[in-house]
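Written below as structure tokens is the structure these notes are about.
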Amino acid sequence: MIPERYSKLNERQWEAVRQTEGPLLILAGAGSGKTNVLTHRIAYLIEQDICAPYEILAITFTNKAAGEMKRRVTDMVDCGDAVWVATFHSTCARILRRHIGFLGYETDFTIYDSDDQRAVVRHVIKDLKLDPKAYKERQMVAFISDCKTQGVTPNEALRMAQYSFQTAWAEIYKAYEKRLKENNALDFDDLLLKTVELFRQEPDVLQYYRRRFRYIMVDEYQDTNHVQFELVELLAREHHNLCVVGDDDQSIYRFRGADIRNILDFEKSFPEAKVVKLEQNYRSTTHILDVANAVIKNNRGRKEKHLWSALGEGARVSFRLYETGQDEASDVVRSVKTAVLAGRASYKDFAVLYRTNAQSRLFEERCINASVPYALVGGVNFYQREEIKDILAYLRTVQNGRDDVSTERIVNKPRRGIGDTSIQKMRAFAAQKGISFMDAVERAEEVPGINTSTVTRFKEFAKLIKGLREDAGVLGDPEERLPFAELVQTVAEKTGYYDYLDEFDEDRRDQKIENIDEFISKAEEFENNWEEDRTASLQDFLEEVALVADVDALNEDDNKLLLMTLHSSKGLEFTTVFLCGMEEGLFPSYMSMDEDADVEEERRLCYVGITRAKKELHLSAARSRMVNGSMNYNDISRFVREIPPELLEQQGMRMSASYGSVFRKSAYTGFGGNGGAYGRPNTGSSFGGSGSYGGQRGTSGAAQKPAPKTAPQKPAFGLSFPVSPKNVTLDFEVGDRVVHTKFGSGTVTEITKKGEDYKIAADFDGFGRRVILLSSGMLKKET
DNA sequence: ACCAGGCTTCTTTTT
DNA sequence: GAAGCCTGGT
């Protein structure tokens with residue numbers, strides 16, 4: 001007996017639901033109802049008594065997706081909440097909380113975010129007496145992450161090292177690992193890696209989870225990395241009931257180690273795999289899909305598909321070119337407001353998507369100015385804000401006394417007269433005794449060369465932490481702990497944090513207090529939503545905080561204009577989408593313009609953005625834009641040019657009249673004439689019209705290749721080589737007459753060095769003072 | 001121990 | 001155009 005609801009599925013969807021046994025790859029195009037298929041499939045497994053709810057594991061990428069799926073399953077079947085629906089990271093955290101003892105960690109391990117990782121790297125570089133200038137924290141963190149996602153251990157990295165700097169990197173990696181272990185901490189990658197390690201090392205544990213998870217489903221499979229593949233493969237090896245859902249065209253996390261081959265080679269990894277393609281799109285109108293297809297077809301190495309929609313042609317996709325980034329922002333906000341005031345739509349129907357978070361500022365400013373309610377999604381994660389991290393550092397120290405990163409963060413914050421020198425001494429003492437920083441603090445009087453008043457201060461601090469441990473139920477009866485909301489409040493009070501905030505100017509102080517208040521209400525919310533049959537512990541709370549991102553909190557009911565990056569928009573849909581900043585150097589990012597594989601990822605990102613739109617899509621670009629404090633003049637994005645002109649409605653060309661001639665000469669050839677804008681994309685600088693803007697790409701001119709990379713199978717070391725100095729030569733000085741491709745002739749008034757580059761200020765006849773980056777290639781000596 | 005002021009560097013995207 | 005780092009002064 002098949003419930004009625006399944007008859008609403010289309011033929012392919014129904015096939016995917018019914019195919020419960022063995023490996024199954026569902027290639028789900030954008031908007032093809034994959035979440036629907038997954039939830040129905042789970043319901044089907046349960047309703048048809050194929051398995052029990054708790055035998056199903058469904059893995060998603062965001063907590064939001066997990067919550068949504070769980071909700072829908074629960075609505076459909078009884079006991080739906082017994083299905084294990086979670087992200088990779090929280091799945092692993094849950095498993096590790098139970099069994100990590102096998103790997104020599106305590107179960108109250110701390111989860112480090114990228115800030116914490118950087119702090120560890122900073123220490124490690126110092127300990128190894130390496131030059132901090134030569135080893136950038138971010139780069140090292142990225143390197144370590146690359147190694148981990150590819151399963152390269154520190155010793156393997158050491159063995160693979162060919163150059164001395166690579167040896168140093170591997171040493172940093174090794175010391176970093178040691179440090180994390182000492183701190184009883186795991187980073188994001190570790191959550192996955194250690195779980196795989198655990199399964200490899202403890203066959204009984206693996207066996208338990210294999211038996212338990214008889215049916216496994218993985219959403220967004222195109223964004224899984226190698227370790228995630230291993231994890232899933234380990235779990236599914238025995239029963240083979242593995243269903244993965246994904247769209248290779250929407251793989252946008254390569255930079256974070258996602259390996260698109262996981263999905264492309266699924267049939268090789270699981271030879272008996274069945275494949276179902278979902279190609280009917282239920283989201284967008286035909287015009288929007290046509291544009292999406294026109295862009296994505298420029299990528300090579302993708303699975304061919306024919307996305308179609310029965311929703312009619314709909315409105316045409318528009319493209320507008322603005323003079324400046326400000327113009328773009330004001331006009332977008334203005335048109336949203338106009339539509340809302342005219343009663344044609346409400347704010348929540350609109351989303352503004354952009355490539356980089358920095359772009360949000362302009363839109364925020366305009367929204368505030370025009371009193372348009374907006375919600376900024378993502379950006380600086382709430383839990384990464386300074387005051388929140390401080391309070392968290394207290395809580396983490398309370399929970400896990402071995403977490404030195406957290407302890408050192410707060411030992412003198414608010415200031416309690418413990419300076420760097422004392423901290424150094426304490427650290428040395430801890431290292432010598434082989435104990436944690438917190439344990440060392442408790443034995444402050446033993447530290448050599450420390451004065452008595454400092455000892456007292458350390459002791460005071462130790463007492464403070466001890467008191468908080470009791471409040472938190474870490475010491476004493478866990479059932480007696482304060483509610484989390486009160487606990488957070490207590491931390492802020494007892495530590496003197498509120499008083500410390502008074503030192504800030506009023507605006508900032510109020511902002512910080514507001515954030516702490518929000519933290520308190522989040523804590524309360526967590527407590528109220530706790531559903532397990534045991535009481536939540538501080539550890540549970542800290543874990544939630546570590547693994548929950550901002551996007552997850554997105555509330556669809558708020559009637560607000562949404563601002564977010566393209567990455568954050570994945571999985572969402574909006575009636576009207578503004579895709580802004582369609583400029584070479586910005587989108588695709590100049591960081592991604594050197595290699596085909598990188599450009600293809602940007603193109604997929606563009607595809608994701610386009611396919612978010614249900615009814616209307618507006619693309620836009622600005623001719624000039626402030627980036628890093630200086631003006632950039634960017635060409636129109638190649639992605640716009642890949643769209644056949646007849647699919648695009650060009651509106652307005654606002655404020656561009658005076659530059660008409662410049663357009664026709666270069667950037668603008670993509671429209672109208674369209675002389676060979678497609679064909680092979682990504683062939684370096686040959687792209688784009690007449691080429692008079694040839695070398696222009698915001699920062700670097702030519703010859704800026706990283707050290708040799710070996711594609712496609714990149715070893716970890718290939719991923720993050722330092723970039724060689726930019727090839728720019730200064731060939732004029734103050735007072736020289738110069739010609740700018742756009743502003744014409746002028747006189748140089750000032751030259752300032754900017755990293756490897758130079759900022760040239762010049763007075764242009766008719767345009768006045770402008771500052772141009774030498775590397776833009778737009779400035780030449782007048783002949 | 002702490003702060004102010006100047007310098008540099010940076011910026012892609014995030015679970 | 002911000003945030004982090006260093007330096008030198010109190």
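These values consider heavy atoms only, across backbone and side chains, with no hydrogens, waters or symmetry-generated copies. Residue numbering restarts at 1 for every chain, and letters A, B, ... go by the order of the sequence lines.
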Q: State yes or no: are the ring centers of Tyr497(A) and Tyr500(A) separated by less than 6.0 Å?
A: yes

Q. Distance check: side-chain N/O of Asn63(A) vs OP1/OP2 of dT15(B), anything under 4.0 Å?
A. no

Q.
Please tell me if Asn225(A) has a side-chain N or O lying less than 4.0 Å from either OP1 or OP2 of dT15(B).
A. no

Q) Between dT12(B) and dC5(C), how far is it from one C1' atom to the other, in whole Å? A) 24 Å

(Q) Does a side-chain N or O of Arg361(A) approach OP1 or OP2 of dG1(C) to a distance below 4.0 Å, or not? (A) yes

Q) Aromatic ring centroids of Tyr173(A) and Trp169(A) under 6.0 Å? A) no

Q. When Arg355(A) is tested against each of Leu605(A), Thr565(A), Leu579(A) for side chain to side chain contact (heavy atoms under 4.5 Å, CB included), which residue passes?
A. Leu605(A)

Q: Figure out the CZ/P separation between Arg355(A) and dT12(B), and round it to whole Å.
A: 9 Å

Q. Atom CE of Met591(A) and atom P of dC10(B): how far apart are they, to the nearest Å?
A. 10 Å

**Q.** side-chain hydrogen bond (donor to acceptor under 3.5 Å, both in side chains) against Ser251(A), all qualifying residues, sequence neighbours excluded
**A.** none

Q: Ignoring backbone atoms, establish whether Ser568(A) has a side-chain N or O less than 4.0 Å from OP1 or OP2 of dT14(B).
A: yes

Q: Measure from the side-chain N and O atoms of Glu601(A) to the backbone N and O of Arg254(A), and report whether any donor-acceptor pair falls under 3.5 Å.
A: yes

(Q) Under 4.0 Å, heavy atoms only, any strand: does Lys570(A) hit a base, just the sugar-phosphate, or nothing? (A) nothing

Q. Which part of the nucleic acid, if any, lies within contact of Glu602(A), taking any heavy atom under 4.0 Å across all strands shown: a base, the sugar-phosphate backbone alone, or nothing?
A. base

Q: Write down the distance between CZ (Arg385(A)) and P (dA3(C)), rounded to a whole number of angstrom.
A: 13 Å

Q. Contact class for Phe587(A) vs. all strands (heavy atom < 4.0 Å): base, sugar-phosphate, or nothing?
A. nothing

Got a list of protein N/O to nucleotides 4-10 of chain C N/O distances below 3.5 Å?
none

Q. Checking Lys522(A) against Phe382(A): charged group under 6.0 Å from the ring centre and within 45 degrees of the axis?
A. yes

Q. Is Arg604(A) close enough and on-axis enough to Tyr607(A), meaning under 6.0 Å and within 45°, for cation-pi?
A. no

Q) Just by distance, do the side chain of Ser568(A) and the backbone of Met564(A) share a donor-acceptor pair under 3.5 Å? A) no

Q. Within less than 4.0 Å of OP1 or OP2 of dT14(B), is there a side-chain N or O belonging to Thr565(A)?
A. yes

Q. Which pair of heavy atoms, one from Glu642(A) and one from Arg603(A), lies closest together, and at what distance?
A. OE2-NH2, 2.7 Å

Q.
Taking the minimum atom-to-atom distance to the side chain of Ser592(A), which one of dT15(B), dT12(B), dT11(B) wins?
A. dT12(B)

Q: Please answer whether dT13(B) and Phe255(A) are stacked, defined here as ring centres separated by less than 5.5 Å and planes angled under 30°.
A: yes

Q) Of Arg256(A) and Ser589(A), whose closest DNA chain B nucleotide lies nearer the 5' terminus? A) Ser589(A)

Q | Base of dT15(B) and ring of Phe188(A) stacked, centres under 5.5 Å, planes under 30° | A | yes

Q) How many Å lie between NE2 on His89(A) and P on dT14(B), as a whole number? A) 14 Å

Q | Thr421(A) vs dA1(B): side-chain N/O to OP1/OP2 distance below 4.0 Å | A | yes

Q. Which whole-number value in Å describes the distance from Gln222(A) CD to dT15(B) C1'?
A. 14 Å

Q. What is the distance from OH of Tyr383(A) to C1' of dT15(B), rounded to the nearest Å?
A. 15 Å

Every protein N/O lying under 3.5 Å from an N/O of nucleotides 2-6 of chain B:
unit_1 : atom_1 : unit_2    : atom_2 : d
dC2(B) : OP2    : Asn412(A) : ND2    : 3.1
dC3(B) : OP1    : Arg415(A) : NE     : 3.3
dC3(B) : OP1    : Arg415(A) : NH2    : 3.0
dC3(B) : OP2    : Arg415(A) : NH1    : 3.4

Q: Can you tell me the distance, in whole Å, between the CG atom of Asn628(A) and the C1' atom of dT12(B)?
A: 12 Å

Q) Gln384(A) has an atom CD; how far is it from atom C1' of dA2(C), in whole Å? A) 17 Å

Q: Check step by step if side-chain contact (heavy atoms from CB on, under 4.5 Å) holds for Phe461(A) and Ile410(A).
A: CA-CA 10 Å; Phe461(A) 175 71; Ile410(A) 41 126; 3.7 Å; yes

Q: Answer with yes or no whether the side chains of Ser360(A) and Asn357(A) bring together a donor and an acceptor at under 3.5 Å.
A: no

